[in-house]
Protein chains: 2
Amino acid sequence: MSQGSGSQVTAVRSRRRLNRAVKEALRELGIQLTRLSRGVGERLDLRGGDLQCLDLITRYGPISPSALSRQAGLHPATLTGILDRLQLGGWIARDRDPDDRRSVVVRAEHGRGAEILRLYLVDSGMNAAMDQVCAQYAVEELELVARFLSQTARAGAVAADTLGGSRA
Amino acid sequence: MSQGSGSQVTAVRSRRRLNRAVKEALRELGIQLTRLSRGVGERLDLRGGDLQCLDLITRYGPISPSALSRQAGLHPATLTGILDRLQLGGWIARDRDPDDRRSVVVRAEHGRGAEILRLYLVDSGMNAAMDQVCAQYAVEELELVARFLSQTARAGAVAADTLGGSRA
DNA sequence: TCGTATAATATGGAAAGCATATCATATGGA
DNA sequence: TCCATATGATATGCTTTCCATATTATACGA
């Protein structure tokens with residue numbers, strides 16, 4: 001009995017330790033992704049918030065400025081300025097929403113998105129580095145990792161909504 | 001032979017697909033962590049760059065402003081302003097470096113770091129959400145995930161250095 | 001010891017952020 | 001239908017932040 005409960009205790013401790021390790025690694029990852037993002041922004045002459053919005057547009061667009069401001073947690077007026085700059089730089093286009101003529105839909109200009117991704121991934125070496133990392137894992141393991149990352153992203157989205165949403 | 005090479009091809013394709021899936025999930029995760037971070041910053045009355053720096057200080061500090069500006073990819077003069085605000089808010093302290101009297105070391109004020117973490121993790125529900133996610137995985141699986149995350153963070157660090165470093 | 005390099009900060013002009021006002025359009029109810 | 005109110009985007013003006021440059025203090029090599 002002492003051995004059985006002993007290894008149970010060990011398992012629980014391992015799990016606790018791993019929970020912490022995962023969270024810690026996640027925090028570190030966040031820091032590094034932020035740094036990477038800033039580097040990319042600098043190359044493209046885009047300030048922090050601008051790149052974040054562009055990223056959101058390429059991913060979730062076409063999208064209205066108001067929806068975007070909620071997503072990004074930015075003041076609507078701030079967003080007008082950001083969109084002005086992105087439009088001036090040829091990154092995005094603003095179209096009128098046919099269904100609601102007050103509204104505008106923002107979409108990424110074709111071809112430009114690829115430029116970001118290339119910088120993000122290729123020029124920085126991140127793409128090759130990730131291929132190397134992935135190569136170390138079996139297919140089933142990568143499946144696991146991808147699933148974990150998606151779940152974590154979703155958890156982050158919910159958490160961000162919780163924080164940002166209560167601002168109303 | 002046709003069957004053997006066929007399943008080989010399938011395996012290669014799976015791997016390609018998973019590589020893409022992992023990168024995509026990583027990008028999504030980056031977006032969500034950025035959103036979460038902004039939400040936290042808003043609660044603490046800290047703008048984007050300020051929180052990023054504070055995060056770096058709590059993690060790598062005590063650290064000199066110049067080293068910090070390199071890490072964060074910010075202009076030294078910008079950093080002075082950021083540190084002024086962080087100091088005014090009681091988040092950090094500036095001490096003279098005993099070895100080099102030109103230099104300053106910045107360190108996080110005790111107790112405050114915990115406040116950030118609490119907001120990041122607890123108030124936003126991220127902590128509980130991550131516990132739930134982790135609970136779905138076996139100990140060995142978590143071990144795998146933690147290793148992957150660390151490797152990815154390191155890859156991100158190298159990539160960010162590559163982009164930022166060539167600015168010199 | 002002197003010239004040069006480095007670290008941090010001060011200064012001032014440019015840019016960005018944000019609260020508020022404004023204008024156009026939508027929507028629900030009398 | 002008409003009107004009151006709500007909503008979406010942007011304009012305006014003030015405040016804050018950013019950043020190139022200059023400045024001050026210290027280190028270090030010739």
Side-chain angles (χ1 to χ4, degrees), chain A residues 34 37-39 41-54 56-57 60-89 91-107 164 167-168, chain B residues 34 37-39 41-54 56-57 60-89 91-107 164 167-168:
Chain A
T34 301
S37 177
R38 174 174 288 276
E42 196 151 317
R43 294 300 187 89
L44 300 175
D45 206 43
L46 292 173
R47 316 288 152 229
D50 294 23
L51 183 61
Q52 188 205 351
C53 286
L54 185 53
L56 288 169
I57 292 165
Y60 303 118
I63 187 175
S64 75
S66 50
L68 196 53
S69 81
R70 279 190 294 271
Q71 271 290 312
L74 293 166
H75 195 282
T78 304
L79 217 88
T80 297
I82 290 177
L83 294 179
D84 285 348
R85 287 193 295 278
L86 288 177
Q87 189 170 22
L88 198 65
W91 293 102
I92 61 157
R94 282 194 254 217
D95 302 322
R96 293 230 145 262
D97 183 342
D99 297 333
D100 184 342
R101 302 205 309 182
R102 291 169 305 180
S103 192
V104 164
V105 280
V106 178
R107 61 178 167 80
R167 184 174 14 135
Chain B
T34 301
S37 177
R38 173 173 289 276
E42 196 152 316
R43 294 300 187 90
L44 300 173
D45 206 42
L46 291 172
R47 317 288 152 232
D50 294 23
L51 183 61
Q52 187 203 353
C53 286
L54 184 53
L56 288 168
I57 293 165
Y60 304 118
I63 187 174
S64 75
S66 49
L68 196 54
S69 80
R70 279 189 294 272
Q71 273 289 314
L74 293 167
H75 196 283
T78 304
L79 218 88
T80 298
I82 290 177
L83 293 179
D84 285 350
R85 286 192 296 276
L86 288 177
Q87 189 169 23
L88 198 64
W91 294 100
I92 61 158
R94 282 195 254 218
D95 301 322
R96 293 231 145 261
D97 182 342
D99 297 332
D100 184 342
R101 303 203 309 181
R102 292 169 304 180
S103 193
V104 164
V105 281
V106 179
R107 61 177 168 78
R167 181 172 20 133

Can a donor-acceptor pair be found, under 3.5 Å and without considering hydrogens, that links the side chain of B:Arg96 to the backbone of B:Arg101? yes
Under 4.5 Å between any side-chain heavy atoms of B:Ile57 and B:Leu86, yes or no? yes
Partner of B:Arg85 under side-chain contact (heavy atoms from CB on, under 4.5 Å), picked from B:Leu88, B:Ile82, B:Leu83, is B:Ile82
D:dA9, C:dC18, C:dT9: which one has an atom nearest the side-chain heavy atoms of A:Ala77? C:dC18
Which atom pair, heavy atoms only, marks the closest approach of A:Ile92 to A:Gln87? CG1-N, 3.6 Å
Measure from CG on B:Asp45 to P on C:dG17 and round the result to the nearest Å. 16 Å
Applying the Watson-Crick and G-U criteria (both distances under 3.5 angstrom) with [ ] for crossing and | for other-strand pairs, one obtains for DNA chain C ||||||||||||||||||||||||||||||
Roughly how many Å is it from CG in A:Leu79 to P in C:dA19, rounded to a whole number? 14 Å
With a 4.5 Å cut-off on side-chain heavy atoms, are A:Asp100 and A:Ser64 touching? no
Check every strand shown and say whether B:Ser103 touches a base, only sugar-phosphate, or nothing at a heavy-atom separation below 4.0 Å. sugar-phosphate
Figure out the CG/P separation between A:Asp84 and D:dT12, and round it to whole Å. 12 Å
Just how far, in rounded Å, is C1' of D:dA11 from CG of A:Leu83? 15 Å
Report which part of the nucleic acid A:Arg94 touches: base, sugar-phosphate, or nothing (heavy-atom distance under 4.0 Å, all strands). sugar-phosphate
I want to check something: taking the side chain as every heavy atom from C-beta on, are B:Val105 and B:Ile63 in contact at a cut-off of under 4.5 Å? no
In whole Å, I'd like the distance from the NE2 atom of A:His75 to the C1' atom of C:dT20. 8 Å
Please report, rounded to the nearest Å, how far the C1' atom of D:dT16 is from the CD1 atom of B:Ile82. 13 Å
Considering only heavy atoms from C-beta outward, does the side chain of A:Asp84 approach that of A:Thr80 to under 4.5 Å? yes
Hey, which of these two, A:Ser66 or B:Arg47, hits DNA chain D nearer its 5' end, going by closest nucleotide? A:Ser66
Does a side-chain heavy-atom distance below 4.5 Å link A:Arg38 with A:Leu51? no
Rounding to an integer number of Å, can you tell me how far B:Asp97 CG sits from C:dA7 P? 11 Å
Pick out the pairs of N or O atoms, protein on one side and nucleotides 22-29 of chain D on the other, that lie under 3.5 Å.
| residue | atom | partner | partner atom | Å |
| --- | --- | --- | --- | --- |
| D:dA27 | OP1 | B:Arg101 | N | 3.1 |

From C-beta outward on B:Arg85, which listed nucleotide comes closest to its side chain: C:dC18, D:dC18, D:dA9? D:dC18
Please tell me if the side chains of A:Val106 and A:Asp95 come closer than 4.5 Å, counting only heavy atoms from C-beta onward. no
Can you tell me which nucleotide in D:dC18, D:dA20, C:dA10 comes closest to the side chain of B:Thr78? D:dC18
Could you state the CG-P distance from B:Leu68 to C:dT9, rounded to the nearest angstrom? 11 Å
